[in-house]
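Chain letters run A, B, ... following the sequence lines, proteins first, then strands; residues in each count from 1. In this text the structure is predicted, and so the values were computed from the model without any measurement. The figures that follow rest on heavy atoms only: side chains count, while hydrogens, waters and symmetry mates do not.
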Amino acid sequence: AQSVTQLGSHVSVSEGALVLLRCNYSSSVPPYLFWYVQYPNQGLQLLLKYTSAATLVKGINGFEAEFKKSETSFHLTKPSAHMSDAAEYFCAVSDPRAGNMLTFGGGTRLMVKP
Amino acid sequence: NAGVTQTPKFRILKIGQSMTLQCTQDMNHNYMYWYRQDPGMGLKLIYYSVGAGITDKGEVPNGYNVSRSTTEDFPLRLELAAPSQTSVYFCATSGGSLYEQYFGPGTRLTVT
């Protein structure tokens, strides 16, 4: 069975500060990992994905994530937060043996202070 | 190219009523999914389909049914609505096991 844990349901940073959102996963097969962002009252939008190529993955809006197998982690970072980054962020792991179904973490709400 | 569309956007049901949530995609994707999102929680998979005529249960299938007669459509049926089914429902599609999922805007359902 697969699982995803996101440490910190709420994270608050100042505009211009580093953003770090934590994600740890459990998977019995080599994982495919994703970060999605959800703005209020909207669906989920893909930020970036890891599918066993480069361990450092760059996504949209300046976000990136590093896959660390030894730590079973896939933390999301952005060097400088912008007010428009305020949203809910979800880490997910997919199971290609079961229709590529996604298992999501509980989400982290990012707040950006002026 | 609309992507993934869901109807209705909002719905209020009484306990015991039934309804169908519609999901249509124009991306020619074989894989389709239904998730529910409860307040403050991540999404949980209800059902999924890897192609027309093929469906399978996800993590939380009880109280729901699906069908997949065409590539484009994947309706979700609630037969006897219960308050525990109050949630936001998202439909998603994917081009295959190596590809990301694309989500619709969601249907907000309240059962009272």
Side-chain angles (χ1 to χ4, degrees), chain A residues 1-10 21-25 27 29-53 57 59-60 65 74 87-110, chain B residues 2-7 9-10 21 23 25 27 29-61 66 68 74 87-108:
Chain A
Q2 298 178 304
S3 66
V4 176
T5 302
Q6 292 182 240
L7 292 175
S9 59
H10 293 80
L21 305 182
R22 299 178 187 273
C23 172
N24 288 89
Y25 69 91
S27 177
V29 297
Y32 294 160
L33 294 158
F34 303 82
W35 275 99
Y36 283 87
V37 61
Q38 184 180 33
Y39 298 102
N41 299 313
Q42 294 188 25
L44 277 70
Q45 178 184 358
L46 181 72
L47 272 180
L48 49 81
K49 64 180 179 181
Y50 167 78
T51 54
S52 73
V57 181
I60 63 171
F74 191 55
E88 185 105 24
Y89 291 81
F90 292 97
C91 182
V93 60
S94 75
D95 187 350
R97 303 164 303 172
N100 196 32
M101 60 177 284
L102 289 174
T103 299
F104 285 87
T108 297
R109 183 167 297 279
L110 176 66
Chain B
V4 183
T5 58
Q6 293 183 238
T7 57
K9 293 190 188 307
F10 304 93
L21 283 67
C23 175
Q25 55 110 350
M27 307 173 79
H29 285 170
N30 283 325
Y31 290 51
M32 296 188 75
Y33 312 82
W34 275 106
Y35 294 89
R36 60 176 287 172
Q37 183 181 29
D38 298 325
M41 306 284 285
L43 282 70
K44 293 187 184 297
L45 183 67
I46 304 171
Y47 271 95
Y48 68 98
S49 168
V50 299
I54 306 169
T55 62
D56 209 343
K57 296 178 180 179
E59 185 181 357
V60 290
V66 293
R68 183 93 183 274
F74 190 41
S87 190
V88 181
Y89 291 83
F90 289 100
C91 178
T93 74
S94 170
S97 61
L98 295 180
Y99 301 100
E100 65 267 28
Q101 294 183 20
Y102 295 85
F103 285 79
T107 294
R108 187 174 297 274

_Those residues that, when tested against A/Thr103, pass side chain to side chain contact (heavy atoms under 4.5 Å, CB included) (two or more places apart)_ = A/Gln2, A/Val93
*Calculate, to the nearest 0.5 Å, the distance between atoms CE and OH belonging to A/Met101 and B/Tyr31 respectively.*
13.0 Å
*asked:* Please give me the minimum heavy-atom distance between A/Phe90 and B/Gln37, naming the atom from each residue.
replied: CZ-NE2, 3.2 Å
*What part of A/Leu46 gets closer than 4.5 Å to chain B, counting heavy atoms only: side chain, backbone, both or neither?*
side chain
*Looking at residues at least two apart in the chain, or sitting in another chain, which of them share a salt bridge (Lys or Arg N to Asp or Glu O under 4.0 Å) with A/Arg109?*
A/Glu88
*What closest approach, in Å, do B/Phe103 and A/Leu102 show between heavy atoms, and which atom pair accounts for it?*
CZ-CD1, 4.4 Å
*Could you look at A/Gln38 and say if it's the side chain, the backbone, both or neither that has a heavy atom under 4.5 Å from chain B?*
side chain
*Roughly how far apart are A/Leu47 CG and B/Glu100 CD, rounded to 0.5 Å?*
11.5 Å
*Heavy-atom contacts under 4.5 Å, residues 41-51 of chain B to chain A*: B/Met41, B/Gly42, B/Leu43, B/Leu45, B/Tyr48, B/Val50
*asked:* Within this structure, what is the CD-CZ distance for the pair B/Gln101 and A/Phe34, rounded to the nearest 0.5 Å?
replied: 7.5 Å
*By side chain to side chain contact (heavy atoms under 4.5 Å, CB included), which residues pair with B/Thr5, not counting sequence neighbours?*
B/Ala2, B/Thr24
